[in-house]
Novice: 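Next up is a structure, given as structure tokens.
Computed from a predicted structure; not experimentally measured. Values below: all heavy atoms of this structure, side chains included; hydrogens, waters and symmetry mates excluded. Proteins come first, then strands; the chains are lettered A, B, ... in the order of their sequence lines, and each starts at number 1.
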Amino acid sequence: MITHLFRFEWMQLWKSWSFRISAVIIPFLIAYSVYLGHNRVADQHQHVQVLQDLEETFYAEMAERLRLIERGEYEVGAWFQDPANPIVLAQFGDAGRHVILHPKPLAALAAGQSDLFPYYGKVTLTNRVAMRDNAFENPVMQVTGQFDFAFVLVWLIPLFVIVLGYDVLSREKESGTYALLQSQPISIANVLLLKTLFRFLVISGIVIGSLLLFGAMFGVPLFNFGGLQVVLVVLLYIAFWFSLCVLINLYSDRSAVNAIILAGLWVFFVLILPALITLYAGKQHPVPSRAMWVTEQRAIEQSVNRQRDVLFESWKADHPEEVVEGDTPIFYQAWLQRLLTNEMIQERIDEAADRFNTPRNAQAGLINRLRLLSPPMYLQHWFQQTAGTDSDRLQTLDEQMRAFQQEWQAHFIPRFRQLDFFTSEEIQQIPRFE
Amino acid sequence: MLKTINLTKHFNGQTAVNDLNLTIASGEIYCLLGANGAGKTTTINMLLNVFPPSAGKAMIGGMSVTENPLETKKRLTYIPENLALYPNLTGAENLRFFCGLSGLNLTNAQQEAHLTEAGLQPVAIHKRVETYSKGMRQKVGVALAIARSSDVLLLDEPTSGLDPAASNDFARLLEHMKDRGAAVLMATHDLFRAKETGTRIGIMNRGKLMDELNAADISHSDLEQVYLNHMKS
Amino acid sequence: MIVRKIVSNELTRLFRDRVVLALAVTILTLLVVSVLIGERYYQQLSSAQSEAEYISRLQWEQQGEKNPHSAAHYGTFAFKPVNVLMVFEPGVTRYTGVSLFLEGHRQNIASNSLAEDLDASLRFAELTPSFIFTYLFPLFIIFAGFRMVVSEKESGMYRFLMAQGVSRNQLVFGKTLALWIVAALLFLPFFVMGLLITGLTSGVTSDMTRFMLLTLVWMGYFGVMIHLTIGVSSLVRHSGTAMVTLLAIWMLGSLLLPRLVTNAAASRHTVPATTEFYQAVRTDLTEGVDGHNPFSEHSLAFRDSVLSAHGVTDINELPFNFRGMMLQEAEEFEKRIYDMHFARIHAIHDRQLATFSMGSVLSPALAMRLTAMNIAGTDIHAFRHFTQEAEAYRINLMRELNHDLRDNAVGDRAVGYVAGHDFFADNPVFTYKRPSQLLSPLVTLPFMVSLFGWLMISAGFVVMAAKKEEIV
């Protein structure tokens, strides 16, 4: 019975234009989205490689120069050219390490917030600079949005499902074949179920087949647990829209009305509900404008700098064992002070940043809960998390940079304070970001 | 073969079919006459188990329709007033589809044989149904009955909207089915066709069976007179 | 006369259609909410912007006694202005930075875009009039109109009407007119609100004119959807088919193509990564453009020319501070390199825009959106204008600082020269002025032509559908 129904359903589908067009367009859309995703991730990998190479070369050169100096074959002119000096090694020129959020294996599937937030940054003793690689991107791109697999699945596939499922029962009723079906020795509920099941399998087959095929072509690793999760989620999502189609078909007999209701549900779940949720969350926890932020930072810098002599003296009094007294090189006092004030400025800026971070986190938390109301919105988020391109992950870049900066400072600052210079061997052992 | 026992149906306090007792044997064409709303279609719907009767029983081949819905449906073929088939499939494909639903797999030769037996022109067999006339679609319905060797044929106004030649065609097809031993129940308001094709005629009014006549025993004009008398009462 | 009857009959039926009424109420509510929310957001941004501008200027003036060149490194900020039309068409404003750091030797990119602080779900859908007009309003038109002609055929009324002496032309035009009226009625409350808001915020100015131009653009887009809806409804046999066809057109034109086109444009004409950009600038500065005339050579030549012009052999013999003069020369030199590199980026963006304009031939929504952004002054060109003005200001400010150094750090004041509060307070103030022309024809023309073309062709489609003879 199943094979018989499936065979005829296939004949019917194959002869309908809407299906033929869908069967061509869906693979094309998926192929293009995966291709663009692949390019995006390949670019990232390439950039990461370049940065790591630069870093390696820089420290190899420093070590080499120091080796020459140790052997007495080379002499440096000024103190800031001496590779043994901790400050020079940790802060000057191209010194410092890149902290990188490497793209996750499935990063190609969802661009997420990766066009807004940087995925790498550079850490030195005093600075943490997150680098936005795509700051020159045409912002119209960001307005229209990224064309990734998540978009194709979350936004477009439901529309194809609706086109293929809006009249699964109502068409039989309108054309009159329902009467004949009813007189057949089978349960009509079964027929409806099997017909829908078949269309579900066909669409899922096209979507998953295209994803696996083009994923394999463009090197997205899908034949593993992560890929299995994606496949299951795709099946669930398509099943969600098909069950809406069945529900509406049970409730209403007119194809045109069904089409309106289903399209309306799409608009509601995909456009209106997310917009309302975002609006509500923004109203509950408004984030202030960043225009004032730069001037605030500047005010903090000024106020710390104004009392820096006092602060410095009192710190020195408290930590006499940490510094070298007596005759010290010219850079010593200045850099001691600079490192200290920098630390204080950072602390106070972090405190001030809570004004933005607290409402932003509260907003995100509220949206996280409300997101469950709209399956498309939830799925979009799920894909971003799976791809590692969600705001939460990208915003951990700063935390990671902070953590690494502490490691970096812990490695260099005490030695600087004791004027304990490095050897060429020790340059190999300076901290790396893992 | 087909039997209703005290069959009754109420809709929202209105009686659509009232205590109907019908018995139709194999090889019989029973024409159910009546105005719109007399309860003919309701009776057929109960025989198809579209909804259960309020009281009484509908039986096909000695089985209750409500107790054995699928078994009884296997033995009958139903041709609605406007038989709709899948327009983008051919006549042969439609036949194969509906046969398949009752577990019957036809060879191509069988399909063509049945459709030809039902009077469809050979050129039309492999054309899409969207090009068919109503008469042609009904022939596919009859071919379905032939293919499944249905014991019972339920027809709802099959000749309305057919031109006289097609109507005559269809009548001869019914006689063919009768000769094959089918029990035919045909609801109609076509007095002429009932008298010409039917073996027995029942007259229904407001859900009640008013009269039963042997078609052979009565003339056209007498039938009309009897019919009109029942409608007035 | 007949057409009027058809129109009034159609309007009565639409007003009694609960689905259409519910949709109209929904859209109207969303529009009103979006305008009110947007207006408040605009007010907040606007006051934050002027406050930031004020404080930033104060910080500049009160930076204390400093060498002018230290002040150049200290730098100041320019803040992106907001304009009231962003309530209706925010364009790219959320994605471009709000503050631009202006310092010596370097041209920066504006940072701290609003989008960075907004949740990712905003990328899904943002409740703004422009969003509603791009996606929801056309859907309303489709829902209200897809049955208009085809249902007459389905119910058999079509033949009846023909028998009454109504021509197919009259029927189709009547329905078209009715749909236009419904769309205009739904738009009217928004139009009034828009006029009030632009009028109250900035008086009867160019903003109001711009708003009216925006209205024309939106109406043109609605017109395209109206014509397509009626045309399709006249040509198909089943209302379900009409619905599905129109939904497909909507999906293609509003949802799919704009994204596809912009993504394709960006992947065809790629912009360099930020780090690559600054690396390239650095290379050109140290090694010269294409290996010619690096700054090290240029500065030597410049020094020699100055020395010989004054007939001296040592910079200390010059009657002014040579370092101040040299700094300005360096600034100009660096500016040329930066300008050249930024011009390359702009050229890439322009090529992308050219691809967009090709795409807008396929998608009226894209044509509409890009025209509207330009008129509203929220497009990439408006932003570019701002950054260019800010850059012009930056170089002015640098010149003033360097010239002060050149002219005043002489003689016994040369060592440890500092400028005071009076000098910094006298430095020019950055006040951004939007270009007064209402739209940039060169930029918008292709999009406007596309939109107008769509309007005409879709109207032709309706005429064709009305002319078609049909047996029903």
Novice: Looking at chain A, which one of Glu51(C), Arg94(C), Gln49(C) has the largest number of heavy-atom pairs inside 4.5 Å, strictly under?
Specialist: Glu51(C)

Novice: Measuring heavy-atom distances to chain C, does Val154(A) have an atom under 4.5 Å in its side chain, in its backbone, in both, or in neither?
Specialist: side chain

Novice: Just by distance, do the side chain of Asn263(C) and the backbone of Phe147(A) share a donor-acceptor pair under 3.5 Å?
Specialist: yes

Novice: For Ile261(A), which atoms come within 4.5 Å of any heavy atom of chain C: side chain, backbone, both, or neither?
Specialist: neither

Novice: Non-hydrogen atoms of chain C under 4.5 Å away: do they reach the side chain of Phe268(A), the backbone, both or neither?
Specialist: neither

Novice: Tell me which of these, Ile25(A), Leu271(A), Val294(A), has more heavy-atom pairs under 4.5 Å with chain C than the rest.
Specialist: Val294(A)

Novice: Could you look at Leu276(A) and say if it's the side chain, the backbone, both or neither that has a heavy atom under 4.5 Å from chain C?
Specialist: side chain

Novice: Among Phe101(C), Trp250(C), Tyr41(C), Tyr135(C), which residue has the highest count of heavy-atom pairs closer than 4.5 Å to chain A?
Specialist: Trp250(C)

Novice: Quick one: does Met243(C)'s side chain get under 4.5 Å of Tyr166(A)'s, heavy atoms only?
Specialist: no

Novice: Taking Arg254(A), His381(A), Gln113(A) one by one, which has the highest count of heavy-atom pairs under 4.5 Å against chain C?
Specialist: Gln113(A)

Novice: Leu353(C), Leu127(C), Leu260(C): which one forms the most heavy-atom pairs within less than 4.5 Å of chain A?
Specialist: Leu260(C)

Novice: Please determine, by modelled atom types, if Ser391(A) and Asp119(C) share a side-chain donor-acceptor pair under 3.5 angstrom.
Specialist: no

Novice: Identify which part of Asn357(A) has an atom lying under 4.5 Å from any heavy atom of chain C, answering side chain, backbone, both or neither.
Specialist: neither

Novice: Which atom names give the shortest non-hydrogen contact between Gly75(C) and Arg298(A), and what distance separates them?
Specialist: O-NH1, 2.7 Å

Novice: Against chain A, label Phe383(C) side chain, backbone, both or neither, depending on which of its atoms sit under 4.5 Å from a heavy atom there.
Specialist: neither

Novice: Tell me which of these, Val244(C), Asp117(C), Asn112(C), Thr96(C), has more heavy-atom pairs under 4.5 Å with chain A than the rest.
Specialist: Asp117(C)

Novice: So which part of Thr275(C) gets closer than 4.5 Å to some heavy atom of chain A, the side chain, the backbone, both or neither?
Specialist: both

Novice: Does the side chain of Val287(A) come within less than 4.5 Å of Leu118(C)'s, by heavy atoms?
Specialist: no

Novice: Between Ala281(A) and chain C, with a heavy-atom cut-off of 4.5 Å, which part of the residue counts as in contact: side chain, backbone, both or neither?
Specialist: neither

Novice: Less than 4.5 Å to any heavy atom of chain C: does that hold for the side chain of Ile21(A), its backbone, both, or neither?
Specialist: neither

Novice: Please round to the nearest 0.5 Å and tell me the distance separating atom CG of Leu247(C) and atom CG of Leu262(A).
Specialist: 10.0 Å

Novice: For Pro272(C), which atoms come within 4.5 Å of any heavy atom of chain A: side chain, backbone, both, or neither?
Specialist: backbone

Novice: Please report the closest heavy-atom contact between Ala256(A) and Ser239(C), naming both atoms and the distance.
Specialist: CB-OG, 3.4 Å

Novice: Under a 4.5 Å cutoff for heavy-atom pairs, which residue among Ile345(C), Ile55(C), Val98(C) has the most contacts with chain A?
Specialist: Ile345(C)

Novice: Can you check whether Leu256(C) reaches Leu156(A) side chain to side chain, under 4.5 Å on heavy atoms?
Specialist: yes

Novice: Quick one: what part of Glu53(C) sits under 4.5 Å from any heavy atom of chain A, side chain, backbone, both or neither?
Specialist: neither

Novice: If I measure from the heavy atoms of chain A, does Gln44(C) come under 4.5 Å with its side chain, its backbone, both, or neither?
Specialist: neither

Novice: Side chain from CB out, backbone as N, CA, C, O: work out which of these in Val270(A) comes under 4.5 Å of a heavy atom of chain C, or both, or neither.
Specialist: both

Novice: If you count heavy-atom pairs under 4.5 Å with chain C, which of Pro288(A), Gly264(A), Ala263(A) comes out on top?
Specialist: Ala263(A)

Novice: Where does Val33(C) contact chain A at under 4.5 Å (heavy atoms): side chain, backbone, both or neither?
Specialist: side chain

Novice: Between Glu174(A) and chain C, with a heavy-atom cut-off of 4.5 Å, which part of the residue counts as in contact: side chain, backbone, both or neither?
Specialist: neither

Novice: Looking at Phe136(A), I'd like to know if the NZ or CZ of Arg344(C) sits under 6.0 Å from its six-membered ring centre while staying within 45 degrees of the ring's axis.
Specialist: no

Novice: Can you see which heavy atom on Arg360(A) is nearest to which on Glu116(C), and at what distance?
Specialist: NH1-O, 3.5 Å

Novice: Of the backbone (N, CA, C, O) and the side chain (C-beta and beyond), which part of Leu370(C) lies under 4.5 Å from a heavy atom of chain A, both, or neither?
Specialist: side chain

Novice: Closest approach of Pro139(A) and Val92(C), non-hydrogen atoms and distance?
Specialist: CB-CB, 3.7 Å

Novice: With only heavy atoms counted, which part of Val150(C) is less than 4.5 Å from chain A, the side chain, the backbone, both or neither?
Specialist: neither

Novice: Check whether any side-chain heavy atom of Arg259(C) lies under 4.5 Å from a side-chain heavy atom of Trp155(A), and answer yes or no.
Specialist: yes

Novice: Examine whether an atom of Trp17(A) lies under 4.5 Å from a heavy atom of chain C, and if so say whether it belongs to the side chain, the backbone or both; otherwise answer neither.
Specialist: neither

Novice: Nearest 0.5 Å, please: how far is CE in Met292(A) from OG in Ser99(C)?
Specialist: 11.5 Å

Novice: I want to check something: taking the side chain as every heavy atom from C-beta on, are Tyr74(C) and Glu301(A) in contact at a cut-off of under 4.5 Å?
Specialist: no

Novice: Can you find a heavy atom in the side chain of Phe146(C) that is under 4.5 Å from one in the side chain of Ile260(A)?
Specialist: yes

Novice: Might you point out which heavy atoms bring Gln63(C) and Gln302(A) nearest each other, and give the distance in Å?
Specialist: CA-NE2, 4.3 Å

Novice: Can you tell if the side chain of Val143(A) reaches within under 4.5 Å of the side chain of Thr262(C), non-hydrogen atoms only?
Specialist: no

Novice: Evaluate Leu255(C) against Leu159(A) for side-chain contact (heavy atoms from CB on, under 4.5 Å), listing each step before the verdict.
Specialist: CA-CA 11 Å; Leu255(C) 209 57; Leu159(A) 290 170; 3.9 Å; yes

Novice: In Å and rounded to the nearest 0.5 Å, what is the OG to CZ distance from Ser113(C) to Arg132(A)?
Specialist: 6.0 Å

Novice: Measuring heavy-atom distances to chain A, does Ala110(C) have an atom under 4.5 Å in its side chain, in its backbone, in both, or in neither?
Specialist: neither

Novice: Is it the backbone or the side chain of Ser267(C) that comes under 4.5 Å from a heavy atom of chain A, or both, or neither?
Specialist: side chain

Novice: Considering only heavy atoms, which portion of Leu139(C) lies under 4.5 Å from any heavy atom of chain A: side chain, backbone, both, or neither?
Specialist: side chain

Novice: How long is the gap from CZ on Phe277(C) to CG on Asp133(A), to the nearest 0.5 Å?
Specialist: 13.0 Å

Novice: List the steps, then state whether side-chain contact (heavy atoms from CB on, under 4.5 Å) holds for Phe79(C) with Thr295(A).
Specialist: CA-CA 11 Å; Phe79(C) 295 94; Thr295(A) 53; 3.9 Å; yes

Novice: Sort out for me which of Met377(A), Met131(A), Met141(A) touches chain C most, counting heavy-atom pairs under 4.5 Å.
Specialist: Met141(A)

Novice: Counting only heavy atoms closer than 4.5 Å, note whether Leu58(C) contacts chain A via side chain, backbone, both or neither.
Specialist: neither

Novice: With a 4.5 angstrom heavy-atom cut-off, which part of Leu30(C) approaches chain A: side chain, backbone, both or neither?
Specialist: side chain

Novice: With side-chain contact (heavy atoms from CB on, under 4.5 Å) as the test, would you mind laying out the steps for Asn138(A) and Val271(C) before giving the verdict?
Specialist: CA-CA 8 Å; Asn138(A) 195 332; Val271(C) 288; over 6 Å; no

